[in-house]
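A quick write-up on the structure given underneath.
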Amino acid sequence: MSDRGYFAGIDVGTSYIKVVIIDEKNKITGSFIDRTSPDLQKSIKNGYGKAVSSASIPNNAVKHVTATGFGRENVSFANSVVTEISSHAKGAHHYFPKKIIIVDIGGQDTKIIKIDSKGKIQGFKMNRKCAAGTGSFLEEIAYKLNIPMDEMNTLAAKSDKETALSSFCTVFASTEIITRIKEGEKIEDMVKGAFESIVRRVIEMDTLIGTVVITGGVVTYNDVILKILSKQFRKEILTPPKPQLSGAIGAALFAKEEKN
Amino acid sequence: MIEQFKQMEKKRHDYAKEWKGKNDGKVMGYFCTYVPEEILYAAGVLPVRILGSHEPQDVTEPHIFGMFCPFCRDCLAQGLKDRYKYLDGLMIAQSCLHIRQTYTSWIKHRPVEFNKFLCMPHKVQSPHAYEFLTEEYKVFKKEVEKWTGKKITDKDLEKAIEVYNENRRLMRKLYDLRKRDKPPLTGEQVMEVVMAMQMTDKAEHNKMLKDLLKKLDSYTPDRETGSRLMILGSEDDDTVFMNMVEESGATFVIDDHCTGSRYFWNEVEDGKDPLASIAARYINRVPCPSKDWEERKRIPHILNLCKEWKVDGAIIMQQKFCDPHELDFVAIKKSLEDAGIPTLFLEFDVTVPIGQFKIRVEAFLEMIGEEDLF
């Protein structure tokens, strides 16, 4: 087995660094996710090292490294770089090789990427100048409500009420939530309202007619998003097995293609 | 190659002040490219277009509504910060409400010797527009004569028209060179040439252009062309953005901007008399979207530019909140994409977030580049 090659994809996101190691058969043999710290170099090296050891392979078994994400240029040891639009298209197409619309909800970016049945990008959109409809929106609301991030999903799941917030703006939304809780609304209903706000912001970004695949960190930890989206569209919304790793998987697939 | 043009643009105020000293003439600041500069030039006045300085500022908030475009604020800031103190006159020819507010506020807070709101008709496609504008020009000519104390003869007008037309012809030649497989200038460089053009004496600009064209005749630049892009949309003099895109593996080969081709595309043709000929030129020119109705005449023109300059993709930019361009955006995007030209839409502010834009631009270039793989 020692002559087999491995390939790495590193997705340096605004909130998390995701590293994936794949083998010749595209099987994920190792991965690692860590929060992005101000010391990017250190986070990247640490994340990569942990991913390689989780694959139980020697360091030199990795034949090619491709970096993506906002910090892609900071991966000093990468053999190539690709934007996250291309890597997300690649990663999602790998699991769903057909005409799809990818909705990636990340820490500070939300992307909508339309690809055809061959995986070719038809067009893409990203949120502009504002982090409404992203993970940062949720983090801010959780902070204001003094609820740990990992309890938001469970809380929202308890609610069966639809409570539309009147603003997408993170700051105004949290003010509204606090005011409405003071007026007697239940916390779980308001938390679900925050998730609904993200979904509505995503929906208004583009026309989403066709098969929707959702990826990114937010949906990985908050499956309530999937339920809200399915309900809105009255259809099943697809998601790959490891939605947060989608961009890194795409980058790793690029690495393999380039090497071969 | 274009250093001289760049210096003129960067030191626009020094240029105008020096011109004033040398020629003992008046300088007219103007907004929007519908101002009939030929009439001013015939009277010995130097028209200079007012553009912003791309710096954050804190002086316009009380005077301009929050959802007016950043360009009109940036321009007003120049006035309120007294950077154009040397102006003798200020004028606008009606284009959009946002920039009109800049004009109105400016003359209120920084009065000038002579100011003029020229009623440029909105519906240029009306059969009466041409006659209306000719009559407006007659009034305007008299006002300028009274202001400068100089009679403007038909001969003066014809001379001015010739200088302006030569400028337009030379610019079209320069743009033709960008059809080459290896365009001799980048879009950023061309932007500098156009900006200088809007702020300097056209006779001088003509001389410089002739020199430049001679130099470019057999010149091949030492850079890869990459994807051939068009940029179109609102007022745009953001050279920082142009540079970022062109450093990412692309070249802007053509534009549809009022700080670009729209400004000089059409010449004044011989008509009944000089004023009528000038009026016909401004009625029939490639329109700003504020005037491009009911038929959208700009779209076939844009598609033709794409074809002739062999464009791989188009960046549609607009100043945030620019209503006329927002009106056109949907139709233009669809027409371009129907013609097989991918588009990227970006919204500009006084300063642009280069990091955020870079990701979009690089992804767009990857998307265009993919064409070759399939």
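In what follows, chains carry the letters A, B, and so on, assigned in the order in which the sequence lines appear, proteins first and then strands, with residues in each chain numbered from 1. Please read all numbers here as calculations on a predicted model, not as lab measurements. FYI, side chains are in, hydrogens and waters are out, and symmetry mates aren't considered; it's all heavy atoms of this structure.
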Hydrogens and angles aside, do A:Asp104 and A:Thr215 bring a side-chain donor and acceptor to less than 3.5 Å of each other?
yes
What part of A:Glu84 gets closer than 4.5 Å to chain B, counting heavy atoms only: side chain, backbone, both or neither?
side chain
Looking only at heavy atoms, which two atoms of A:Leu138 and A:Ala194 are closest? And how far apart?
CD2-CB, 4.4 Å
Heavy-atom cut-off 4.5 Å, strictly under: side chain, backbone, both or neither for B:Glu362 against chain A?
both
Any side-chain donor-acceptor pair under 3.5 Å between A:Tyr16 and A:Asp11?
no
Classify the side-chain pair A:Gln108/A:Ser15 by whether it contains a donor and acceptor separated by less than 3.5 Å.
no
Would you call A:Lys114 and A:Asp206 a salt bridge, taking side-chain N to carboxylate O under 4.0 Å as the test?
yes
Using non-hydrogen atoms only, which part of B:Leu344 is less than 4.5 Å away from chain A: side chain, backbone, both, or neither?
side chain
Of B:Glu246, B:Arg223, B:Arg228, which is the lone residue that meets side chain to side chain donor-acceptor pair (under 3.5 Å) with B:Thr251?
B:Arg223
Can you pull out the residues in residues 64-77 of chain A with any heavy atom less than 4.5 Å from chain B?
A:Phe70, A:Arg72, A:Glu73
Taking the side chain from B:Glu235 and the backbone from B:Cys258, do they hold a donor-acceptor pair closer than 3.5 Å?
no
B:Phe345 versus chain A, the contacting section by heavy-atom distance below 4.5 Å:
side chain
